[in-house]
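First the structure, in the form of structure tokens, and then the observations on it.
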Amino acid sequence: GESVGLHLPTLSVQEGDNSIINCAYSNSASDYFIWYKQESGKGPQFIIDIRSNMDKRQGQRVTVLLNKTVKHLSLQIAATQPGDSAVYFCAETPGGGNKLTFGTGTQLKVEL
Amino acid sequence: DGGITQSPKYLFRKEGQNVTLSCEQNLNHDAMYWYRQDPGQGLRLIYYSQIVNDFQKGDIAEGYSVSREKKESFPLTVTSAQKNPTAFYLCASSVLGSGSPGELFFGEGSRLTVL
């Protein structure tokens, strides 16, 4: 989920297990949400997005769930692989525009 | 290959000096952005531009300036007025009016260190 300061929340999973990364948002006006993956020393990469008129969207090995009642977003990664090790950010925007507000990120570590 | 190119990758600057970070894209995207990333934190928007010769301030524009004279270029100047400029700077671009407006394409970043 979200954090403040220098210490990112960390999720450690075994290779092959499923991962669930959580994100809480506070802006009730946000109606479009995005997940990004950032590998060390690189720029973020788009993973998947979801609009507020949906509560679930699936991609390749990833699923995003949106619970608007409790303002909660999650990213599920199936059969986690070593290449999934990265920091994952959720982002939101009101009105579905392109001016994004990013969360602080979650570090995913995949153990062999 | 199409993409976003940022340079330099690493930059050291003395206090009181201005420095300009380059960002070039050959994706033919209309919109371009500059974000700042500090350790253990998310990205914060500095400036963005949706069209040539026009740009808007983001959440932390103080101490920074940009220009958009060409569609493919969006340089960022970190001025001496920026109180804490040491950070990782990320440039991005996107297609306006797409089905995924939040899909930004990022460069590899420029790490600025003020000595």
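Numbered from 1 within each chain, the chains take letters A, B, ... in sequence-line order.
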Checklist entry - For A:Gln45, is it the side chain, the backbone, both, or neither that has a heavy atom closer than 4.5 Å to a heavy atom of chain B? => result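 It is neither, since no heavy atom gets under 4.5 Å.
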Checklist entry - With a 4.5 angstrom heavy-atom cut-off, which part of A:Tyr36 approaches chain B: side chain, backbone, both or neither? => result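 Looking at A:Tyr36, just its side chain touches chain B.
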Tell me if the [atom1] atom of [X] is crowded by more than 12 foreign heavy atoms within 6.0 Å.
| X | atom1 | result |
| --- | --- | --- |
| A:Gln60 | CD | no |
| A:Lys109 | NZ | no |
| A:Glu111 | CD | yes |
| B:Leu96 | CG | yes |

Item to check | From CA spacing to verdict: side-chain contact (heavy atoms from CB on, under 4.5 Å), A:Lys42, B:Leu90 | outcome: CA-CA 9 Å; A:Lys42 295 189 175 182; B:Leu90 287 157; over 6 Å; no
Are [X] and [Y] connected, step by step, through hydrophobic side chains (Ile, Leu, Val, Met, Phe, Trp, Tyr) whose heavy atoms are closer than 4.5 Å?
| X | Y | value |
| --- | --- | --- |
| A:Trp35 | A:Tyr25 | yes |
| B:Phe74 | B:Ile60 | yes |
| A:Tyr88 | A:Ile50 | yes |
| A:Ile47 | A:Met54 | yes |
| B:Leu11 | B:Phe88 | no |

Which bit of [X] comes within less than 4.5 Å of chain A, counting heavy atoms only: side chain, backbone, both or neither?
| X | answer |
| --- | --- |
| B:Leu45 | side chain |
| B:Gln56 | neither |
| B:Gln6 | neither |
| B:Ile4 | neither |

Next on the checklist: Out of A:Leu100, A:Ile34, A:Ile48, return the one with the most heavy atom pairs under 4.5 angstrom to chain B.
Outcome noted: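 The answer is A:Leu100.
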Checklist outcome for this item: One option among A:Pro44, A:Gly41, A:Gly43 has the most heavy-atom pairs under 4.5 Å with chain B, and it is A:Pro44
Item to check | Residues in residues 103-115 of chain B near chain A [non-hydrogen atoms, under 4.5 Å] | outcome: B:Glu103, B:Leu104, B:Phe106, B:Gly107, B:Glu108
Next on the checklist: Let me confirm one number: the CZ-CD distance from A:Phe102 to B:Gln37, rounded to the nearest 0.5 Å.
Outcome noted: 9.0 Å
Item to check | Spacing of A:Arg51 atom CZ and B:Ser100 atom OG [to the nearest 0.5 Å] | outcome: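 Reported value, rounded in 0.5 Å steps: 7.0 Å.
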Next on the checklist: Given 3.5 Å as the limit, does a donor-acceptor pair link the side chain of B:Tyr48 with the main chain of A:Lys99, or not?
Outcome noted: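 Pair absent, no side-chain N/O of B:Tyr48 close to backbone of A:Lys99.
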